[in-house]
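Whatever order the structure lists ligands and atoms in, that order sets their numbers, starting from 1.
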Amino acid sequence: MSFRVLGVSAHFHDSAAALVQDGQILAAAQEERFSRHKGDARWPAAAIASCLAHLPAGERPDRVAYYEDPGHKIRRILDTARGLAPSGALQWPRMMHSLHTLAENLPGQLTALAGAAERVVLVPHHRSHAASAFYPSPCETAAVLVLDGVGEAASTTLWHGSRDTGLTALAETRFPHSLGLFYSAFTQYCGFKVNSGEYKLMGLAPFGTPSWAGRILDQLIDLREDGSFALDMRYFDFDRRQSGTSPLFEAFFGQPQRHPDAPITPFHMNVAASVQAVLEAAVVRLGRTALARTGARALCLAGGVALNCLANRRLRLDLPELETLWIQPAAGDAGGALGAALEVSEAEARAEGRVAPAGDRMQHALLGPGFSAAAIRAALQAAGLVFVEQTAPAVYADQVAAALAEGQVVGHFDGRMEFGPRALGNRSILADPRGQETLQRVNRSIKFREDWRPFAPIVLAARAAEIFEPPVDSPYMLLVADLRPEFRGATDLGAARAQGLSTPMELQGAIGSAFDAVTHVDFSARLQTIDPGDGRRAGAILQAFEARTGCPMLLNTSFNVRGEPIVCRPKDAIDCFLNTGLDLLAIGPFLVHRAAQGEWVESRVGRARFAAD
Ligand SMILES: [Fe+2]
């Protein structure tokens with residue numbers, strides 16, 4: 001008899017659901033993909049329904065696992081409220097709303113889903129993250145680090161993971177001392193949105209020099225040799241102000257917080273480089289301690305900070321004792337739903353003496369809904385689009401590759417949707433990675449952004465080492481590698497600065513490489529490696545593109561426009577195709593060429609309004 005657990009995360013940010021059966025992940029999805037509200041924090045009714053569709057009709061899961069302990073969280077919120085009174089009265093409505101949701105709504109929602117209160121299991125927030133990092137990994141035993149903003153109370157935790165005994169907690173740091181909130185405070189200070197602009201801050205870091213790092217370590221954060229740390233809370237304010245920084249923080253840097261529309265100056269680049277350097281130092285020290293305390297040679301990561309791929313690179317470079325680094329691709333709170341389900345499932349399996357399945361269990365993170373050819377055809381017909389069906393996979397891949405080789409930009413929709421923040425080939429926009437022109441075209445007419453950040457490459461795994469160093473296996477786009485010198489242009493950052501260039505756009509434009517659209521100003525790239533042997537169409541398209549051009553790599557960016565979640569259903573992909581300058585929509589077995597459409601399609605491009613990201 002199978003044992004099935006539905007995991008849920010909700011009511012903070014990025015709600016999600018996941019279904020696990022006897023340790024096997026059947027499905028996982030974020031609510032935002034269905035509701036089309038980015039980072040949707042509401043009860044994930046649609047994500048839950050999409051997971052439960054994998055059960056026989058009318059059957060319930062054996063347990064519902066929630067990704068944190070609401071009682072514990074309520075106590076933390078009340079403690080914070082007491083500390084704030086009366087000056088923090090402005091925050092009370094927000095806190096009251098959280099308390100009401102957790103105390104009044106959540107218990108009923110969970111019980112209704114499980115069918116009985118005793119089938120509901122509350123898994124602490126960090127244990128959920130740790131479980132999401134360890135159980136799907138291929139490791140028999142590992143050190144596990146959760147690098148987070150805040151859960152109930154913990155912000156950073158260290159665990160020992162073992163297939164035989166599960167997860168054992170070894171150390172924790174508590175709110176308000178938090179690496180995630182520390183980095184977010186700098187994100188806001190540099191004028192980017194908290195909880196999504198952290199990628200921009202990380203992207204800005206290579207433009208600068210870490211000239212503030214020493215002073216930040218002297219005054220803002222006490223970082224100890226073992227990686228434990230304490231923030232000087234006179235500089236931060238995670239409770240009263242949305243920004244996370246206190247007036248003293250601005251005084252420390254001698255400049256006010258950057259307005260989102262204000263220019264990015266060398267000062268902001270240096271601040272970004274500095275906080276990145278401090279974060280990397282903390283992560284490396286924590287990683288070293290984690291390995292030393294557990295005796296493990298493998299390290300598993302989760303929590304939002306685990307998405308910082310520059311810090312992940314440091315771990316690989318600076319810890320020679322580290323043999324395996326495995327990072328949960330849905331490292332943020334969405335992954336907590338999966339971790340909670342796995343924790344309950346694994347505990348049951350151990351109690352029953354069942355052996356859990358071995359190997360990487362994330363299945364390329366392709367855990368979301370997929371759609372039949374019939375459903376896709378109906379959506380295309382409903383939209384009034386002209387399309388052709390191509391059922392021979394090799395011909396299909398070659399026709400898409402031919403369009404890419406001509407410089408066309410392709411919206412690629414295939415199979416099950418990715419779980420986690422990255423599009424890994426199934427809901428991806430693909431383009432030729434060579435040349436600034438593609439970068440500008442994708443930015444301006446497809447993503448509707450004026451951005452200095454490069455896109456990411458997807459590269460055939462067997463060919464990656466010819467282009468990047470050190471060799472890296474990065475199926476989840478969470479690792480960074482450097483372009484080999486023979487592909488770099490003559491102008492580096494120093495030379496570009498010497499020419500008097502200073503803005504990110506100017507610098508990015510001046511520093512060229514053979515793969516301009518996907519390499520950063522320091523010639524690094526956040527790459528995804530793909531093995532065509534997996535049978536995925538994205539891999540077949542890459543192979544066909546290589547056969548035509550000799551280039552084993554494509555630009556890969558998420559299939560969405562600025563400010564929107566990644567597309568989920570065929571209709572979302574069609575809307576994105578209609579509203580942008582995509583040349584080709586490759587969806588299921590169908591090819592939708594823009595050039596074959598009527599005038600009405602062309603007239604829609606760019607008319608939709610998009611939110612800032
Ligand atoms: Fe978290």
Angle class for the F252/W212 ring planes (parallel below 30°, perpendicular above 60°, tilted otherwise)?
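Taking W212 first and then F252, their aromatic rings sit tilted (interplane angle of 30° to 60°).
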In terms of ring plane angle, is the pair Y189 and F249 parallel, tilted or perpendicular, where the classes change at 30° and 60°?
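Geometry flag for F249 against Y189: perpendicular rings.
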Pairs touching residues 167-186 that satisfy salt bridge (Lys or Arg N to Asp or Glu O under 4.0 Å), sequence neighbours left out
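Pairs touching residues 167-186 that pass the test: E172-R174.
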Which residue pairs pass the salt bridge (Lys or Arg N to Asp or Glu O under 4.0 Å) test when at least one of the two sits in residues 114-136, sequence neighbours left out?
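Passing the test, one end in residues 114-136: R127-E343.
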Check: W159/T157 side-chain N/O donor and acceptor closer than 3.5 Å
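Side chains of W159 and T157: pair found under 3.5 Å.
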At less than 2.8 Å, how many protein N/O/S atoms surround the Fe ion (ligand 1)? Leave waters out.
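Under the 2.8 Å cut-off, the count stands at 5.
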Anything under 3.5 Å between a donor and an acceptor, one on a side chain of residues 138-147, the other on a protein residue two or more places apart or in another chain? List them.
| residue | atom | partner | partner atom | Å |
| --- | --- | --- | --- | --- |
| T141 | OG1 | H160 | NE2 | 3.1 |
| T141 | OG1 | G161 | O | 3.2 |

